[in-house]
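Report on the structure given below.
Residue numbers run from 1 in the order of the sequence given. Read the numbers this way: they start at 1 and go in the same order the structure lists the ligands and their atoms.
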Amino acid sequence: MAKLPIRQDIIPAGDAPILTVDTHTTGEPTRIIYSGFPALHGHTLLQKKADAKANHDHIRRRLMLEPRGHREMFGALLVNNTELTASGDADIGVLFMHNEGFSDMCGHATIALGRFLVDFDAEACPGLFPGRNLQLNKKTMTTTVNLHCPCGVVKVTVPVVVGLEGKLQSDPGKSVSFVSVDSYATGLDVDVTLPDASRWSELGERTRITVDFCYGGAFYCVVDAEELGFDSLKSTDLDALRRAAGSLMDALNADPQYRQFFQHPTEPDLGCLLGVIIRDTSRGVIPDGVDGAELGLCIFGDQQQVDRSPCGSGSAARRTIGHTKYNWPMEKKQVYHSLVSEASGRGGFTAYVVERSQDQGDASDVAGERVRVRVEGQAFYTGFSTFVVESADRISGSGFML
Ligand SMILES: O=C(O)[C@H]1NCC[C@@H]1O
């Protein structure tokens, strides 16, 4: 363990110290775990995810929840050997985690990982990404990393400069981008009936609302703020929005008739509704060089975690809705703002369709064609940590959330 600033032999309780690099992407944290997490059993990334859930969830809780984290923390565990790194289809794997479990795609974390996977010092992280062989595109001054996420391979493009000793370093002043897996709408203008137990006060007397469902590496229910009974996203009580999103999620998960809108065509394990994205198309600062903007709020997971970023996988899903429902031209660049980027005028995610997917799969389970969406955003380093649990500490080993 690195030299500690205290005169104390920290005797970790069983587990090795865990080393992380902390980042934020438009305010949304990503705690990148690069050393100390127990080796995961299984050949495939999804098998390793199942092992992490079954046998090491206490460590997820330790790193995501208090006192080391908080209810809005997000994490990314690097996995340097998966079935796709073995086949050469990916460079390195990742498992995403948050305050109540693991998720299958995360765009804001992917943007942060793009920088870290270019920047990390191989000597400080022995064994991490052993096959790292970054190719420099001198014309665009970028390099790419093929990231194996649970949803599939995501191609990450990182602007770089040639830094110390001629090694590539990410350029903190430019946006990292990624091209996500096939994105497609699964339901447009779907009527949802809300049972009394799943209604919220802002609905008034209404018992039905109309929503869209879309996949952008994770499944989302996308709905306008007004449809939920809120006049906008700007001056609204975040807890009221959290309650409404939680009630809507409960109603969608409880009623089998809606299951069709978030079933994965090939991997049952990926068939879950990650969150609700509340849209306010009346707002959104339009930066130079883009065609449109909208404000949104991604509320995800069973604990209604609130994404501070515009949500990368959600931006891919929403841009796909623009393509499918509103027939936007593929090259139309839309900026997706969160409350943080709207307030600061910086950090919106730009998304546009780069291609129609070659394999349109089984058209019966989608509400429009499958497309590939590029999402761009900026991430920054915020800290570097060594996390331990002292052997006498009987409180914090598995985290807690009040
Ligand atoms: O940016 C994203 O895609 C993620 N942010 C939190 C919830 C989503 O997974």
Side-chain angles (χ1 to χ4, degrees), residues 22-32 49 60 64 69-77 94-116 147 149-152 154-156 175-183 214-222 238 241-242 245-246 249 262 264 269-279 295-321 334-341 347-351 372-380:
D22 280 37
T23 65
H24 84 88
T25 312
T26 312
E28 180 71 0
T30 302
R31 175 160 285 168
I32 300 171
K49 175 185 154 189
R60 173 194 63 78
M64 295 294 106
H70 49 76
R71 75 172 288 161
E72 307 295 346
M73 180 52 78
F74 199 93
L77 169 62
V94 63
L95 292 177
F96 301 114
M97 60 183 78
H98 44 72
N99 73 13
E100 52 98 11
F102 291 83
S103 68
D104 300 316
M105 177 52 193
C106 176
H108 90 265
T110 295
I111 290 167
L113 285 165
R115 292 199 61 200
F116 174 73
L147 187 62
C149 304
C151 66
V154 173
K155 183 171 183 177
V156 192
S175 291
V176 173
S177 67
F178 65 89
V179 176
S180 191
V181 296
D182 281 3
S183 298
C214 202
Y215 182 75
F219 286 100
Y220 290 98
C221 171
V222 182
L238 199 51
L241 288 164
R242 214 196 283 262
M249 282 277 281
F262 40 95
H264 194 274
D269 183 43
L270 300 178
C272 72
L273 186 62
L274 177 59
V276 171
I277 297 180
I278 305 172
R279 203 172 33 195
L295 181 60
L297 187 66
C298 171
I299 299 176
F300 65 97
D302 294 348
Q303 306 283 337
Q304 287 78 54
Q305 206 166 324
V306 174
D307 194 340
R308 270 68 178 152
S309 89
C311 181
S313 53
S315 297
R318 290 158 72 187
R319 183 59 188 80
T320 302
I321 289 174
Q334 184 79 345
V335 167
Y336 295 96
H337 279 293
S338 68
L339 295 175
V340 172
S341 64
F349 288 179
T350 302
R372 290 292 173 106
V373 178
R374 181 183 292 276
V375 179
E376 303 173 358
Q378 280 189 282
F380 300 95

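Between the side chains of Y336 and T350, not a single donor N or O lies within less than 3.5 Å of an accepting N or O. If you check the side chains of H108 and T30, you find a donor sitting under 3.5 Å from an acceptor. Residues N99 and Q303 bring no donor and acceptor atom of their side chains to less than 3.5 Å of each other.
Each of the following atoms of ligand 1 lies closer than 4.0 Å to a heavy atom of G312: 1 (O), 2 (C), 3 (O). When each atom of ligand 1 is checked for a heavy atom of L274 under 4.0 Å away, the hits are 9 (O). The ligand atoms of ligand 1 that sit less than 4.0 angstrom from a heavy atom of Y220 are 8 (C), 9 (O).
In terms of N/O distances under 3.5 Å, ligand 1 is not approached by G314. By the 3.5 Å distance cut-off applied to N or O atoms, E28 is not counted among the residues near ligand 1. Below 3.5 Å of separation, one finds an N or O of S313 facing an N or O of ligand 1.
Remark: minimum distance from atom 4 (C) of ligand 1 to any protein heavy atom is reached at C106 SG, 3.3 Å. Atom 2 (C) of ligand 1 has as its closest protein heavy atom G107 N, 3.1 Å. Among all non-hydrogen protein atoms, the one lying nearest atom 5 (N) of ligand 1 is D307 OD2, 2.6 Å.
Taking D269 as the reference, K49 meet the salt bridge (charged side-chain N to carboxylate O under 4.0 Å, His left out) condition, with sequence neighbours excluded.
With rounding to the nearest 0.5 angstrom, the OG atom of S180 is 11.5 Å from the CZ atom of R374. Taking CE from M73 and CZ from R60, the interatomic distance works out to 12.5 Å, rounded to the nearest 0.5 Å. With values rounded to the nearest 0.5 angstrom, L270 atom CG is found 7.5 Å from C151 atom SG.
Using a cut-off of 4.0 Å between Lys/Arg side-chain N and Asp/Glu carboxylate O, R31 and E72 are scored as not salt-bridged.
Residue contact annotation: C311 has a non-hydrogen atom under 4.0 Å from ligand 1. Not a single heavy atom of T25 sits closer than 4.0 Å to an atom of ligand 1. Residue F349 places every heavy atom at 4.0 Å or more from ligand 1. Residue M105 places a heavy atom less than 4.0 Å from ligand 1.
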Could you go through the side chain to side chain contact (heavy atoms under 4.5 Å, CB included) check for I299 and I278 one step at a time?
CA-CA 8 Å; I299 299 176; I278 305 172; 4.0 Å; yes
